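Read the structure below first, then the notes.
These values consider heavy atoms only, across backbone and side chains, with no hydrogens, waters or symmetry-generated copies. So you know, we letter chains A, B, ... as the sequences are listed, proteins then strands, and number each from 1. Values in this document were obtained by computation on a predicted structure and should not be read as measured data.
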Protein chains: 2
Amino acid sequence: MERRAVKDFGSLPITESSMAMPETSARTRIQEKNISTILDAALEVFSGAGFRGATLDQIARAASLSKPNLLYYFKSKEAIHRALLSELLDTWLAPLRTLDSGGEPVEEIVRYVMRKLDMARELPRESRLFANEIVQGAPHILDIIEGPLKTLVDEKASLIRKWATEGRIAEVDPYHLIFSIWATTQHYADFDTQVRGILRPERDQHFDDAATFLTHLYRTALTPD
Amino acid sequence: MERRAVKDFGSLPITESSMAMPETSARTRIQEKNISTILDAALEVFSGAGFRGATLDQIARAASLSKPNLLYYFKSKEAIHRALLSELLDTWLAPLRTLDSGGEPVEEIVRYVMRKLDMARELPRESRLFANEIVQGAPHILDIIEGPLKTLVDEKASLIRKWATEGRIAEVDPYHLIFSIWATTQHYADFDTQVRGILRPERDQHFDDAATFLTHLYRTALTPD
DNA sequence: AGAGAGTTTGACCAATTGGTCAGGATCACG
DNA sequence: CGTGATCCTGACCAATTGGTCAAACTCTCT
C-alpha cells in the first residue's frame, strides 16, 4: 500500500473537496494518512478496472479500511474518483508545460519524449487511469480536455509551429506530433501487458530500448533537411 | 444497429462456440440475423464500457432483444465477449500479416502504417474493445498475446531486422518500431475523445493530417542514411 | 393443417453493489 | 481526567446485475 517511489515529478496537490467529514479547519494526522491511503488504493483499483469495474469493497480491502470508513472520508465512489483525477492531472501534464522556447528545438522535444517515457515507467497506474477514462469517452474529464488541456496544447503547438517556420525543425503538424508522442510513450504503460507478453523483458530493459528507438524516431523526423 | 460499412478488411469468420441453443446442424436464418445483431450490439457496448462496465441489459436494449433472449443465443455474458474477441482478432491482425518481404521495405512499412490508420478510422469500436481489454490486463486474451500474437510479431520482427542488416532500412529495433506503429495509429481510435476535444476537426479531416504526419515520421526515420 | 423444432418472454432468484445509520471507540486538549 | 470532536463499525437497505425456467408463441416442413 506504499505510495510508489518516483523520481520526482513535482508534488501532488491534494485538492479534493467532496469529502464527507466535518470539513472544519485543517487536516488531522489521521485524516492525512487515511486519505492518502485511500487515494493510493483507489488508484490501484481504478487503474486496473476502470470506474465502473472498480468496487468500493476492492478499494476498501486494498486500503485495509472498512467500506463505511471509506465513505466517511469521501462521500461517494465518484468523489474518490474525482479526487484522484484532479490530484493527478497536474502531474500528468507537467512535462508538456516545461516545453520551453529556450534551447535547441529538436533536443527540447526529444527531452520531452524522454520525460514522458520516464513517466510511463514510473507512473503506469496513473497512465492507465487516464487511459481507462478516455477510452470510455472521458465522461468525468471532458470539460478539462476541451478547456485547460486544449488551451495548453494549442499554446505548445504554436511554439512548435514557430520553430518549424523558423526552419529550426522540420515542417510537421504540431498537434499530430504531440499526439504521437503521447501515444508512443504512454503505450508502454497502458499496453504494458501486451508489451511484456511479446518481449518477455528481463528487468525493465525494454524501456532503455524504447528510449533509444524513440530518440532516433523523433530526432530524424524533426531535424531540418 | 446496422453493421458498420467498411472498406474491406477481409470477411469476419463467425467462430463462436459457446452458444446455448440446440446447436445441431447449420444456422437458421433467424439465428444468423440475431447472432449478428447481438455481436454488433455487444461490440458497441463492450467497446464503450469494458467488460465489467457493460451490462446485459444495455446489450439487450442495443440489440432490441430481451435479456433472456440474448442468453438463448449465448450462454453467458462472458460467452458473448469471448465470441466477439475471437471473431475480431483475425481482422485486427490481418494488416501485420500482409507485411511482406517483397517490395521496397520503407514503402512496405509506410503502407502498413496507412493500413492501420485506416482501421482506426473505420473500426474504432474494435480498436477500443482491444484497448479496454489490454489496459485492464488482458484477462481474456493473455494466452493469445503470449502465443499466436507473439509468434506473428517475432516473425515480422525478423523480417524487419533482415531489412536493416541489408541496409535497406535504417537500423532500428523492430519490436519498438511495431509498437510505435500500433500506438500512433490506434491512438486515433482509442483516444478519439481527446483528439476531437483538442482539434475539434470538421468532418474527419484530422485523419488525413495524421496520415501526412505519420508518413513523414516513418519515412524519415526508416530511410537509410 | 398439424406436429415438432426453434424462438421469445415475464416472472423470478441469489449475489453483488453503492450507500446509510445509530451507536461505540478513540483521540486531542483544557 | 473528562468531554467533545473525530474516527470507526456492524447491521442494514434498495437497486442492479447475471442468470434460470416454465410456459407460450412462431416458424418450417410434410
Whole-Å gap separating [atom2] ([N]) and [atom1] ([X]):
X: A:R27; N: D:dT6; atom1: CZ; atom2: P; result: 14 Å
X: A:K75; N: C:dT20; atom1: NZ; atom2: P; result: 10 Å
X: B:K33; N: C:dG6; atom1: NZ; atom2: C1'; result: 13 Å
X: B:I80; N: D:dG18; atom1: CD1; atom2: P; result: 10 Å
X: B:F74; N: C:dT8; atom1: CZ; atom2: P; result: 13 Å
X: A:R29; N: C:dC27; atom1: CZ; atom2: P; result: 9 Å
X: A:E32; N: C:dC27; atom1: CD; atom2: P; result: 18 Å
X: B:L70; N: C:dG10; atom1: CG; atom2: P; result: 13 Å

Original post:
Starting at the 5' end of DNA chain D and moving along, which residue's nearest nucleotide shows up first, B:K67 or A:S66?
Top reply: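 Checking each residue's closest nucleotide, the 5'-ward one belongs to A:S66.
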Original post:
Given that B:I30 and A:N69 both sit by DNA chain D, which one's nearest nucleotide is further toward the 5' end?
Top reply: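 Nearest nucleotide further toward 5': that of A:N69.
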Below the 4.0 Å mark, does [N] have OP1 or OP2 next to a side-chain nitrogen or oxygen of [X]?
X: A:Y73; N: D:dT6; value: no
X: B:N34; N: C:dT8; value: yes
X: B:Y72; N: C:dT7; value: yes
X: A:R52; N: D:dT16; value: no

Original post:
Does the base of C:dG19 carry an N or O that pairs as donor and acceptor with the side chain of A:K77 under 3.5 Å?
Top reply: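 Under the 3.5 Å cut-off, the side chain and the base do not form any donor-acceptor pair.
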**OP:** Please assess B:I181 against B:I109 for the test side-chain contact (heavy atoms from CB on, under 4.5 Å), listing each intermediate value before the final yes or no.
**Re:** CA-CA 9 Å; B:I181 292 171; B:I109 292 171; 3.9 Å; yes
Original post:
Can you tell me if A:D173 uses its side chain to pair, donor with acceptor, with the backbone of A:H176 under 3.5 Å?
Top reply: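 A pair under 3.5 Å: yes.
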Subject >> A:K77 side chain to A:T55 backbone, donor-acceptor under 3.5 Å >> reply: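 Pair absent, no side-chain N/O of A:K77 close to backbone of A:T55.
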Original post:
For B:A60, which contact category applies under a 4.0 Å heavy-atom criterion: base, sugar-phosphate, or nothing?
Top reply: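 Touches nothing.
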[options]: which one has an atom nearest the side-chain heavy atoms of [X]?
X: B:Q31; options: C:dG6, D:dC21, D:dG18; value: C:dG6
X: A:D57; options: C:dT8, D:dC7, C:dG18; value: C:dG18
X: A:P68; options: D:dC21, C:dG19, D:dA11; value: D:dA11
X: A:L56; options: C:dA28, C:dT8, C:dG18; value: C:dG18

Original post:
Are any of the side-chain nitrogens in A:D154 or A:K150 under 4.0 Å away from the carboxylate oxygens of its partner?
Top reply: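 A:K150 and A:D154: salt-bridged.
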Subject >> Gap between atom NZ of B:K67 and atom CG of B:L71 - 0.5 Å precision >> reply: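 Answer for the CG-NZ pair, B:L71 versus B:K67, is 7.5 Å.
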